[in-house]
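See structure below.
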2 protein chains.
Amino acid sequence: MPSAPDTHSLNTLVHKLQSIATLSDEERQAILSLPARTRILAPRQDIVHDGDKPSQCCLILDGWTCRYKMLSEGRRQIFSFHIPGDIPDLQSLHLHTMDHSLGTITQATVAYIPHESMRELSTRFPRIGEVLWRDTLVDAAIFREWMIGMGRKSAFGRIAHLFCEMYLKLEAVDLAGDHRCPWPITQVDLGDALGLSNVHTNRVLQEMRGKGLISLRGSTLVIQAWDELMRASEFDPTYLHLEKRAA
Amino acid sequence: MPSAPDTHSLNTLVHKLQSIATLSDEERQAILSLPARTRILAPRQDIVHDGDKPSQCCLILDGWTCRYKMLSEGRRQIFSFHIPGDIPDLQSLHLHTMDHSLGTITQATVAYIPHESMRELSTRFPRIGEVLWRDTLVDAAIFREWMIGMGRKSAFGRIAHLFCEMYLKLEAVDLAGDHRCPWPITQVDLGDALGLSNVHTNRVLQEMRGKGLISLRGSTLVIQAWDELMRASEFDPTYLHLEKRAA
DNA sequence: CGGATGCTTGATATGGCTCAAGGATTGTGG
DNA sequence: CCACAATCCTTGAGCCATATCAAGCATCCG
């Protein structure tokens, strides 16, 4: 019996999970046979809204999404950016009411997987349950790292740190390499993620460009001075808990 | 066969888990038969250190602890405060290297439970595994809420929000009531948790006292104006995902 | 009673915010 | 392929919330 072709949409998930853990052939097959309904969503569109009680989770196949919460007077906090392979609302499996929203940044292709199927899978293959749990724990580790930035780092350090983080996350699922990656995040989004105003975000980015540390044009980020950005932002990738590191 | 007396140290855990989920008698019994080695630790002492690879987790029976990370030049970020019933390093079950430290705030009594026993328990009682997973998800929800504070709220709002949060967490395990709770957190700790200097923390606390919103003396916090603090900090307890709410 | 720890105060400095406007890109419909 | 709208980026000026530095005071505990 031939295995599913590499274009199978759930391969995206297998690939991602293998970046943070090891799976057996049997487990891989089990994941690939999950039921999934695929949809294409426009940019800046909500997938799940604060207060919802979802009965499915959402696997990102293409495009970027973010989790965020709106406050009074139009203030917004973005908690995380998500890329293909991520299940940004995996937590809804065990926290039944959403305490924040999930929306697209770019146009995005997503696969909806019923909670019921995820639960069955975790019961039949406890190891997969553990890996999914692990994924939500890595999410939490990233939250903590953002807290360090917002609590104790300069705007420069926060932005540099996020560049390093997203680059490694993209690289782990083969969406980046050579210190170059897609960057569809606007300066307003970036500010809302890092607790900065758009004006200040803009000025720091110009400083980075001026010093030749990065180039950021046409939705592509090039990290020209990786070591310098890492040093300046006190970036240590341990918290990403990546299992396999690129060469 | 009589059930374990209420003084059984693992009752602390059962009590806490029942504040965020429902357990059957059988599950309760299974938790109570976990093996645990109990120790008393001095204040300001590390329990697990950044970089460790623990083989057990640590249930708080008495006292307060916090998770934190040290940065260059003595800067520190505290990620969370933990109280009796919490297992602050539960994540080490699936993230094998600690990316931060766990230490005591006050003198504390802790019970060490081997990872192996936790894994067995989760396998024999998948429902308990789910509840533990859920607990780590609530942790992450609290991280997100702190991110909102540090990214988008004033010092006043952050402190007020933390007061509301800790009061409800303590109340959920019967350690607070009547808008009064223990508060062993120094002003330096509070600043390190919320991304503030100790000087500014002090001034905001005085403002709160001056306005008659709180009283904070001798390690006891009294929230005199609950509604006002909730309003000013945009506090909405949904993110704590408490199952049973006090009357 | 003395040392340690934590709290309070004043003075000064600054990183980042707000407001406001103009310029550059990008995507879209004709 | 152009024109226009929408979105995003950039710039300047002024200000404020919070940081830093430095010292003295209060409280707790052995």
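Note on naming: letters A, B, ... go to the chains in the order of the sequence lines (proteins, then strands), and numbering restarts at 1 for each one.
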Please give, in whole Å, the distance from [N] [atom2] to [X] [atom1]?
{"X": "A/I159", "N": "D/dC9", "atom1": "CD1", "atom2": "P", "result": "12 Å"}
{"X": "B/L216", "N": "C/dG6", "atom1": "CG", "atom2": "C1'", "result": "12 Å"}
{"X": "A/L194", "N": "C/dC17", "atom1": "CG", "atom2": "P", "result": "11 Å"}
{"X": "B/I105", "N": "C/dT5", "atom1": "CD1", "atom2": "C1'", "result": "15 Å"}
{"X": "B/I185", "N": "C/dT5", "atom1": "CD1", "atom2": "P", "result": "18 Å"}
{"X": "A/M150", "N": "C/dG15", "atom1": "CE", "atom2": "C1'", "result": "17 Å"}

> Any salt bridge between B/R44 and B/D189, counting N to O under 4.0 Å?
Replying inline: yes
**Request:** Output yes when A/K211 and A/E207 qualify as a salt bridge under the 4.0 Å nitrogen-oxygen rule, no when they do not.
**Result:** yes
Distance flag, aromatic centroids of B/H100 and B/Y68, threshold under 6.0 Å
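No, too far apart.
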In 5'-to-3' order, the base (B), backbone-only (S) or no-contact (-) status of each nucleotide in nucleotides 10-29 of chain D, using a 4.0 angstrom heavy-atom cut-off, is BBBB----SSBB--------
What orientation do B/F79 and B/F143 show, parallel under 30°, tilted 30 to 60°, or perpendicular over 60°?
-> perpendicular
With a 6.0 Å cut-off (strictly less than), is the heavy-atom count around CZ of B/R76, excluding the residue itself, greater than 12? yes
* Inspect the surroundings of CZ in B/R37 and state if more than 12 heavy atoms from other residues, nucleotides or ligands are less than 6.0 Å away. =>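 Atom CZ in B/R37 is packed in, count exceeds 12.
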